[in-house]
Amino acid sequence: MTYHAKSEFLRVLIERGYVADCTDYQALDEALMTGVVPAYIGYDATAASLHVGHLLNIMMLRWLQKTGHKPITLMGGGTTKVGDPSFRADERPLLTPEKIDENIAGMGKVFARYLSYGEGAGDAIMLNNAEWLDHLNYLEFLRDIGRHFSVNRMLSFESVKSRLDREQSLSFLEFNYMILQAYDFLELNARYGCLLQMGGSDQWGNIVNGIDLTRRVNDTSIFGLTSPLLTTSDGKKMGKSANGAIWLNGDMLSPYEFWQFWRNSTDADVGRFLKLYTELPVAECERLGALQGSEINTAKIILANEVTTLLHGAEAAAAAEATAREVFEKGGIGEDLPTILIPASEAAEGISLAQLFVRAKLAPSGKEVRRLFQEGGARVNDEAAADGGRMIGAEDLKEPLKLSAGKKRHALVMLG
């Protein structure tokens with residue numbers, strides 16, 4: 001990125017690596033210098049929690065507010081009923097209105113950790129696009145909004161083209177999604193003076209549609225800015241682990257497991273992650289990221305503590321670090337380790353070690369857990385375990401049982 005921004009917000013985003021592309025750097029920069037810029041990111045309510053893959057864009061909203069502008073978190077109560085087809089191989093399962101509302105409530109808990117909501121000029125606001133989408137008259141919408149969209153152009157967007165090139169079906173329902181998202185930007189501009197939409201680079205086509213629609217309908221200039229789609233240095237999609245999504249809600253993933261995810265970052269990712277997911281000065285992020293050998297572990301602990309503090313609080317981060325030290329340095333059992341409870345009735349019948357490892361999410365499948373035992377990576381109470389078929393009963397669970405997969409992943413099994 002070679003653009004030299006004057007506004008603090010754009011300068012921070014470029015310097016820390018948040019920017020993939022922008023529709024007009026100079027005009028956006030000038031708007032940010034002129035006054036408070038309301039900007040939004042949309043979140044469809046497809047799950048009960050946001051995950052680490054959303055965290056980069058949440059941090060962009062946080063920096064927006066820290067530099068004096070107004071974040072809008074737009075919950076997709078309406079668009080979730082259609083489903084975003086961008087770069088997907090198949091259609092999303094449709095959710096009931098009740099499930100969508102339940103998911104929005106779960107997701108809303110996370111935003112309050114990163115943004116300050118209120119009535120002031122720079123306070124964040126949370127909106128739900130069902131407010132305007134649920135009440136659209138279809139014929140009026142087609143006549144007033146649909147006429148501004150070229151199907152030829154919509155088919156040229158990479159998110160759609162990649163699906164069609166693979167000869168995978170794209171339903172008319174999904175095809176409407178980009179029109180609805182464009183309409184969101186038009187509505188937010190008219191209702192709240194929103195000038196900027198941000199999102200991942202896979203949303204570029206949808207964002208540009210909204211800018212074009214608003215220009216055609218209201219003769220207003222607005223802007224789009226996208227962030228890179230992150231993968232870890234080993235090529236994995238950010239936010240995924242061997243055991244599934246890294247959820248941001250504490251009731252779906254414990255603060256300890258969240259902390260451990262960051263502590264387990266590969267050496268090559270540490271400097272970049274510090275810039276994107278913490279508020280440490282850029283020079284300090286670069287210094288820590290350049291550490292070599294065993295010293296890089298210090299940087300990883302700082303990364304884990306900083307990111308966990310933002311989401312779960314300083315106390316949770318300190319407890320997670322203490323637990324990790326107890327587990328890894330002393331070989332003990334930390335209270336914050338992920339725990340699975342075995343009902344007394346099930347313990348009386350017995351359950352195999354292999355089943356416990358799968359249930360504790362230390363292995364994603366029976367096949368993987370067999371490999372774990374065969375390769376000597378399974379341990380029980382810090383002792384090597386070779387027999388995944390060994391039955392564990394109530395007598396074995398009088399004290400908590402510590403399961404370990406390799407050196408870094410652990411869980412407790414207790415009678416419940």
Tell me whether [X] contacts the main-chain N or O of [Y] through its side chain, where contact means a donor paired with an acceptor under 3.5 Å.
X      : Y      : value
Lys300 : Ser265 : yes
Lys70  : Gly120 : yes
Arg263 : Ile301 : no
Asn381 : Lys402 : yes
Asn128 : Ala130 : yes
Gln292 : Ala290 : yes
Thr278 : Glu306 : no
Gln197 : Leu225 : no
His69  : Val36  : no
Ser49  : Asn249 : yes

Checklist entry - Knowing that exactly one of Met60, Gln65, Met59 qualifies, which makes a side-chain contact (heavy atoms from CB on, under 4.5 Å) with Trp63? => result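 When Met60, Gln65, Met59 are each tested with Trp63, the side-chain contact (heavy atoms from CB on, under 4.5 Å) holds only for Met59.
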Item to check | Identified side-chain contact (heavy atoms from CB on, under 4.5 Å) counterpart of Thr73 within the set Ile41, Ile58, Leu115 | outcome: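 Result for side-chain contact (heavy atoms from CB on, under 4.5 Å) with Thr73: Leu115.
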Does a donor on one side chain sit under 3.5 Å from an acceptor on the other, for [X] and [Y]?
X      : Y      : result
Asp269 : Thr266 : yes
Tyr183 : Asn129 : no
Ser254 : Glu257 : yes
Thr226 : Asp21  : no
Ser352 : Gln355 : yes
Glu321 : Asn305 : yes
Asn57  : Ser227 : yes

Item to check | Flag if over 12 foreign heavy atoms under 6.0 Å of CG, Asn137 | outcome: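 More than 12 within 6.0 Å, yes.
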Item to check | More than 12 heavy atoms of other groups within 6.0 Å of Glu284 CD | outcome: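 Above 12, so yes.
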Check ion pair [X]-[Y] (N to O, under 4.0 angstrom):
X      : Y      : value
Lys275 : Glu286 : yes
Arg371 : Glu368 : yes
Glu131 : Arg191 : yes
Asp29  : Arg11  : no

Next on the checklist: For Thr67 and Leu32: C-alpha separation, side-chain torsions, deciding distance, then whether side chain to side chain contact (heavy atoms under 4.5 Å, CB included) applies.
Outcome noted: CA-CA 10 Å; Thr67 54; Leu32 289 161; over 6 Å; no
Minimal non-hydrogen separation, [X] against [Y], with atom names:
X      : Y      : answer
Pro38  : Ile72  : CB-CD1, 4.2 Å
Leu64  : Ala39  : CD2-CB, 3.7 Å
Met198 : Leu61  : CE-CD2, 3.8 Å
Ala347 : Leu397 : CB-CD1, 4.3 Å

Next on the checklist: What verdict does the salt bridge (Lys or Arg N to Asp or Glu O under 4.0 Å) test give for Glu279 and Arg16, after you've listed the backbone C-alpha separation in whole Å, the side-chain angles of each residue and the deciding distance to 0.1 Å?
Outcome noted: CA-CA 10 Å; Glu279 294 173 342; Arg16 300 185 80 96; over 6 Å; no
Calculate, to the nearest 0.5 Å, the distance between atoms [atom1] and [atom2] belonging to [X] and [Y] respectively.
X      : Y      : atom1 : atom2 : result
Leu310 : Leu55  : CG    : CG    : 8.0 Å
Leu180 : Phe141 : CG    : CZ    : 5.0 Å
Leu196 : Leu188 : CG    : CG    : 11.5 Å

Next on the checklist: Between Tyr40 and Phe185 (judged by ring centroids, cut-off 6.0 Å), do the two rings come close enough to count as a pair?
Outcome noted: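 Ring centres of Phe185 and Tyr40 closer than 6.0 Å.
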Item to check | Among Arg409, His410, Arg379, side-chain hydrogen bond (donor to acceptor under 3.5 Å, both in side chains) partner for Ser404 | outcome: His410
Next on the checklist: If the condition is side chain to side chain contact (heavy atoms under 4.5 Å, CB included), which residues does Ala45 pass it with, not counting sequence neighbours?
Outcome noted: Thr80, Ile100, Asn103, Ile104, Met107
Next on the checklist: Students often mix this up, so state it plainly: with edges at 30° and 60°, are the rings of Tyr3 and Tyr25 parallel, tilted or perpendicular?
Outcome noted: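 Tyr3 vs Tyr25 ring planes: parallel.
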Item to check | Test side chain to side chain donor-acceptor pair (under 3.5 Å) applied to Gln203 and Asn206, step by step | outcome: CA-CA 5 Å; Gln203 293 299 312; Asn206 291 335; 2.9 Å; yes
Item to check | Pairs where residues 309-319 contributes a residue and the test salt bridge (charged side-chain N to carboxylate O under 4.0 Å, His left out) is met, not counting sequence neighbours | outcome: none
Item to check | Residue pairs fulfilling ring pair (Phe, Tyr, Trp, His ring centres under 6.0 Å) with at least one residue in residues 270-307, sequence neighbours excluded | outcome: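 Output for this query lists Trp262-Phe273, Trp262-Tyr277, Phe273-Tyr277.
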Next on the checklist: One pair to check against side chain to side chain contact (heavy atoms under 4.5 Å, CB included): Leu74 and Tyr43. What are the steps and the verdict?
Outcome noted: CA-CA 6 Å; Leu74 180 66; Tyr43 299 87; over 6 Å; no
Checklist entry - Between Tyr117 and Phe111, does a ring pair (Phe, Tyr, Trp, His ring centres under 6.0 Å) hold up when you go through it step by step? => result CA-CA 9 Å; Tyr117 288 87; Phe111 292 113; 7.2 Å; no
